[in-house]
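Data first, discussion second: the structure below is written as structure tokens.
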Amino acid sequence: MAPILVALPLAFALLCLAVPWARLRVVLLVLGTWAHLGAVAWMWVGRPVEWVQVSFVGLDALGQLFVTLLSVLFAATSVYFAGYEGRTAVSQRAFLACMLALLGAMSLVCVSRHLGVLWVALEASTLAAAPLIYFHLGSRALAATWKFLLMNSVGIALALLGIFCVAVAAGGRGEALWLNRAIVRPLDVDPTWLRVGFLLALVGFGTKMGLAPMHAWLPDAHGEAPAPVSALLSGAVLNAALLALLRVYHICAEAGQGAFAGQWLIVFGLVSVGVAAVFMFGEADFKRLLALSSVENMGIIAVGAGLGAVAAYPSMLHVMHNTLNKGIVFFLAGLLGHVFATTRMAGIRGVMARMPFAGVLLAAGLCALCALPPFGTFFSELGILMGAAQAGRWVVLAIFTALLAVAFVNLASAVVPMIFGRPPEEVTPAPAAASIAGWRRHTMLTVAGLLVLLAAGLGAYQPEAVRNALAQAAESVCRPGDDTAPVATFAEVQP
Amino acid sequence: MNVQAAVDIVLVLVILLDLAMLAVSRLSTLVRLFAIQSLLLALLPMAEGLLSGTMPGMHAVEITGGTIGIKVVLIPWILLRIIRTGEIHAEVTPFLGFAASLFVGAVLVAASFAVSARLPLPMTPLSAMLVPASFSTLMIGLFVLISRLKAITQVLGFLLVENGIFLFGLMLLKSMPALVEIGILLDVFVGVFLMAIVVYHIRRTFDHMDMDALSELEGR
């Protein structure tokens, strides 16, 4: 089953390269991503969790959660892209093929059962994403592409060294790298090399995940890439790197180094939230602001994962809602970029007055980013805070709350004027809105609206299946030696 | 000659080549030095088999062949082509002078030896020099990445980092599936290929390969 998830998008990518008609290629993109979503849905209905012992690929609870989020985001993005795509500067054929290849590479990240395969897939996803950033051509996009490619390649290379160190720590036995056999007794492992390995993996995967201070590539890449690609980078590519880091974290936890690893996750997480919160102030570009919000959210997840079992469930909840939220806001950013012909926030004013429906959606997106109820981020952040309190980590709790407050103020004060401010009458009155065809605008708005419904719905009411999936995923993150509280306690807080 | 001594000599040569890459000013020479270093590294998997008195296995032959094909032939060929199309700018413009770079390089090599001495391995590697040589190559690669401004020298810095990791990976030769090793090599190849394309576009857009010009993104 799992290999289909990888092979399907790659087959559609090849088809995209072969088909000579541009319209048909877009249809193929949509078909490919929806077929992928169908396969994922079938996997949910059919056999929930499948363990393949000897093969390189197979699904566990964590992989299943991430591949589902990936698939939902790609399915939404492909439909959005059909509306977004206007004048394509780069070769549309290569662009669409890269997008499908990216889906294939990231599915492989989710389903790989060997750290080496996971690394190869993650690096392949960097390579597939790089051409997507160069969509608009020009020197800025080029500089952003270069920065993305070089920083991520070097970062991921360090992570490979980290993976090697983990294997060396286990005395060079290759079994340490097989995820389903990675449960090694603490005595068999050299703690020093395991720690070195985890730190290298943290820095390496952290670069790709956008953890500060290795996030320098992120605002540039998100600012320059077209909106659908930014959504994919934020909602899917960062998640893939996070998954890789969680895998290594899990091995550390099994080998009795969970406390050490968790400590460093918390440090990097807090630094990321802090850096993002401060730099949001004075950011002029909407998409770069949203990119900083991604850094903040990855920091929140890192803190939650680092706290161990007490906050593992809310961290997984945050992963899910962050993916959906990033889709919503970047889709709206792309639409506003078309309508107002700029992504600078000073030029986008009075969305509510000009396009009431988009204004409502933007307000909803802002609430989701700022973790206001009914959106799930409220429950997940609350859960992480409760976890910190439960674990008695009062310093972490204090710093985390203060930084979240700063981020909230900076984000809200930047976005609220865009929603309610006076429309810029003098610049371009009505014709700008008419510059894109009605059906395109409707497609983009509908996709964003559906995602808002999904995010708010999952925030207000969680079906049993989703809750179980999250709890099972949380179990494979948490630290076994630290079971101060059962994993699912938080699940009862949420309706 | 004794195989163990040969391995040690190869590793010393690898470290010397690292230092040489800090002192060379012509880009094409730099690429050739990298090719020589990769060739030396490619021979090491074979030595592993010889040391234990058996013929090198299929796995070792695959890695040697793949490394020679990709890192000794294809990548240098691509890089040399890129350099040749813009002959005027074929000199390295260091952020730091050559003498100062060499000094930093020497300090990094010494630091690598000191760090490896502090980290006792839970296994016996090919040679006691393996981990220090790996760390030296890695550190000098990172140093090239941050101290040289031209896009193409940054690509070489990335490749040095890769070579350092390759050396470290030799300890796991037996436990890494061949599929993964080949995947890593392919990723590196495609990565360098993409980087070469971007360097080509940077040259056309900015008329030179200086990464300083790209700082226009910062002030935004």
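Residue numbers start from 1 in every chain, and the chains themselves are labelled A, B, ... in the order their sequence lines are given, proteins ahead of strands.
If you measure heavy-atom distances from B:P120 to chain A, the contacts under 4.5 Å come from the backbone alone. Heavy atoms of B:I197 lying under 4.5 Å from chain A are absent altogether. Heavy atoms closer than 4.5 Å to chain B are found in both the backbone and the side chain of A:L158. At a 4.5 Å heavy-atom cutoff, the contact between B:L142 and chain A is made by side-chain atoms alone. Looking at B:L194, the atoms closer than 4.5 Å to chain A (heavy atoms on both sides) sit in the backbone and in the side chain alike. Contacts between B:L138 and chain A at a heavy-atom distance below 4.5 Å involve the side chain alone, from C-beta outward.
For the pairing with A:D220, the salt bridge (charged side-chain N to carboxylate O under 4.0 Å, His left out) check across A:K287, A:R140, A:R288 returns one residue only, A:R288.
A cation-pi arrangement is found for B:R81 relative to B:W77, the charged atom lying closer than 6.0 Å to the ring centre and inside a 45° cone about the ring normal.
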(message) Let's go through A:W146 and B:H201 carefully: what are the C-alpha distance in whole Å and the side-chain angles of both, what is the deciding distance for side-chain contact (heavy atoms from CB on, under 4.5 Å) to 0.1 Å, and is it a yes or a no?
(response) CA-CA 10 Å; A:W146 176 253; B:H201 278 268; over 6 Å; no

(request) In sequence, state the C-alpha distance, the side-chain angles, and the governing distance for A:I163 and A:F205, and then conclude on side-chain contact (heavy atoms from CB on, under 4.5 Å). (result) CA-CA 11 Å; A:I163 292 175; A:F205 291 134; 4.2 Å; yes

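Put simply, of A:V196, A:L127, A:L160, the one with the most heavy-atom pairs under 4.5 Å next to chain B is A:L127. Residue with the most contacts toward chain A among B:M171, B:E181, B:M176: B:M176 (heavy-atom pairs, distance under 4.5 Å). Considering only heavy-atom pairs separated by less than 4.5 Å from chain B, the leading option among A:T126, A:T192, A:I156, A:L150 is A:L150. Highest contact tally toward chain A, considering only B:V180, B:L179, B:D187, B:V161, is held by B:D187 [criterion: heavy-atom pairs under 4.5 Å]. Of all the listed residues (B:G169, B:G141, B:G157), the one sharing the greatest number of non-hydrogen pairs under 4.5 Å with chain A is B:G169.
Taking a 6.0 Å sphere around CZ of B:F34, one finds it holds more than 12 heavy atoms contributed by other residues, nucleotides or ligands.
Between the CG atom in B:L19 and the OG atom in B:S101 there is a gap of 11.0 Å [rounded to 0.5 Å].
In this structure, B:T137 contributes its side chain and B:N163 its backbone to no donor-acceptor pair below 3.5 Å.
A salt bridge does not link A:R344 with A:D285: none of the charged nitrogens is closer than 4.0 Å to a carboxylate oxygen.
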